Amino acid sequence: FQDMALENPNPVVYQIQSIERNHSINEEDRDVIDSLEVFDIVRRINDPEHPLTLEQLKVIQNDLITVDDDDSYVKINFTPTIPHCSMATLIGLCIRVKLLRSLPSRFKVDINVTPGTHASEDAVNKQLNDKERVAAALENDNLLEVVNRCISHTDEDAHSH
């Protein structure tokens with residue numbers, strides 16, 4: 001994995017956002033999850049190819065995240081840096097694992113490539129939203145190691161709740 005040639009050796013790096021938030025608690029005393037909260041969970045995931053975060057590469061953007069707290073539903077579109085990115089499935093898997101570990105279990109999460117940004121969009125989406133395929137992928141130790149490496153620093157700088 002280390003000696004693979006970079007597909008996109010000089011990606012554009014974007015400024016990261018500063019997020020100020022007020023936590024709201026609804027009647028049942030549970031934390032209300034919104035798109036900013038989900039963005040904050042996934043923004044620091046590292047790109048598998050670069051020492052940069054998905055936010056810095058604009059792979060993840062707050063306005064491509066939809067959250068329906070009442071229905072416990074999260075939808076994330078992510079944008080690969082190049083249309084033939086072979087890392088798209090891996091990036092989506094990192095997003096899914098991070099959310100599985102971070103969100104309350106009541107949430108259903110759909111993760112898709114932003115429409116029109118990847119050559120194999122349908123295949124990637126199908127893989128990322130198929131429970132059996134995701135479970136099988138996470139049983140692969142090498143793959144799990146890469147996923148864990150990409151998300152290992154994501155809790156740093158996160159606001160304590």
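Bear in mind that the values here come from a model prediction, so they are computed numbers and not experimental data.
The CD atom of Gln61 sits 12.5 Å away from atom CZ of Arg43, with the distance rounded to the nearest 0.5 Å. Between Thr89 atom OG1 and Leu143 atom CG the span is 10.0 Å, to the nearest 0.5 Å. Between Cys94 atom SG and Asn148 atom CG the span is 8.5 Å, to the nearest 0.5 Å. With rounding to the nearest 0.5 Å, the separation of CG in Asp34 from CG in Asp69 is 8.5 Å. Atoms SG and NZ, on Cys150 and Lys98 in that order, are 12.5 Å from each other to the nearest 0.5 Å.
Grouping the Ile, Leu, Val, Met, Phe, Trp and Tyr side chains by contacts below 4.5 angstrom, directly or via other members, places Phe107 with Val134. The hydrophobic clustering, which links ILVMFWY residues whose side-chain heavy atoms are closer than 4.5 Å, places Val109 and Ile65 together. Leu103 and Ile95 fall within a single hydrophobic cluster, where Ile, Leu, Val, Met, Phe, Trp and Tyr side chains are chained together by heavy-atom contacts under 4.5 Å.
Contact detail for Val38 and Val67: the closest heavy-atom pair is CG2-CG2, 3.7 Å. Listed here is the closest heavy atom pair of Pro80 and Ala88: CG-CB, 4.2 Å. In terms of heavy-atom proximity, Glu55 sits nearest to Phe39 at OE2-CZ, 3.5 Å. Residues His84 and His118 approach most closely at C-NE2, 4.0 Å, considering heavy atoms.
Considering only residues two or more places apart in sequence or on other chains, Leu52 meets the side chain to side chain contact (heavy atoms under 4.5 Å, CB included) condition with Pro11, Val13, His50, Gln56, Leu57. Applying the side chain to side chain donor-acceptor pair (under 3.5 Å) test to Thr79 and every residue at least two apart in sequence or in another chain returns Thr114. With sequence neighbours excluded, the residues forming a side chain to side chain donor-acceptor pair (under 3.5 Å) with Thr81 are Asn8, listed by chain and number. Taking Asp110 as the reference, Tyr73, Lys108 meet the side chain to side chain donor-acceptor pair (under 3.5 Å) condition, with sequence neighbours excluded. For Thr66, the side chain to side chain donor-acceptor pair (under 3.5 Å) criterion is met by no residue, not counting sequence neighbours.
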side-chain contact (heavy atoms from CB on, under 4.5 Å), that's the test. Do Val42 and Leu54 meet it? Break it down for me. CA-CA 8 Å; Val42 297; Leu54 297 186; 5.9 Å; no
Leu144 vs Asn140, test: side-chain contact (heavy atoms from CB on, under 4.5 Å). Steps then yes/no. CA-CA 6 Å; Leu144 189 58; Asn140 176 324; over 6 Å; no
Before giving the answer on side-chain contact (heavy atoms from CB on, under 4.5 Å), spell out for Lys75 and Asn77 the whole-Å C-alpha distance, their side-chain angles and the decisive distance to 0.1 Å. CA-CA 7 Å; Lys75 180 178 185 201; Asn77 282 349; 3.9 Å; yes
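Side-chain contact between Leu93 and Leu138 is present, with heavy atoms from C-beta onward closer than 4.5 Å. Side chains of Ile33 and Pro104 form a contact here, defined as non-hydrogen atoms less than 4.5 Å apart. For the pair Thr53/Ile45, no side-chain contact is recorded, criterion being any heavy-atom separation below 4.5 Å from C-beta on. Residues Pro48 and Ile91 have side chains in contact (heavy-atom distance under 4.5 Å, counting atoms from C-beta outward).
Taking a 6.0 Å sphere around CG of Asp141, one finds it holds 12 or fewer heavy atoms contributed by other residues, nucleotides or ligands.
Of the N and O atoms on the side chains of Ser72 and Arg106, at least one donor lies less than 3.5 Å from an acceptor on the other residue.
One N or O on the side chain of Ser152 and one on the backbone of Arg149 form a donor-acceptor pair closer than 3.5 Å.
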Review item, side-chain donor-acceptor pairs of residues 119-130, under 3.5 Å, at least two apart:
from   : atom 1 : to     : atom 2 : distance (Å)
Glu121 : OE1    : Gly116 : N      : 2.7
Asn125 : OD1    : Val113 : N      : 2.8
Asn125 : ND2    : Glu121 : O      : 3.4
Asn129 : OD1    : Arg96  : NH2    : 2.8
Asn129 : OD1    : Ile111 : N      : 3.0
Asn129 : ND2    : Ile111 : O      : 2.7
Asn129 : ND2    : Asn112 : OD1    : 3.3
Asn129 : ND2    : Asn125 : O      : 3.0
Asp130 : OD1    : Glu132 : N      : 3.0
Asp130 : OD1    : Arg133 : N      : 3.1

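Residues Tyr14 make up the rest of the hydrophobic cluster containing Val12, defined by ILVMFWY side-chain heavy atoms closer than 4.5 Å, directly or through other members.
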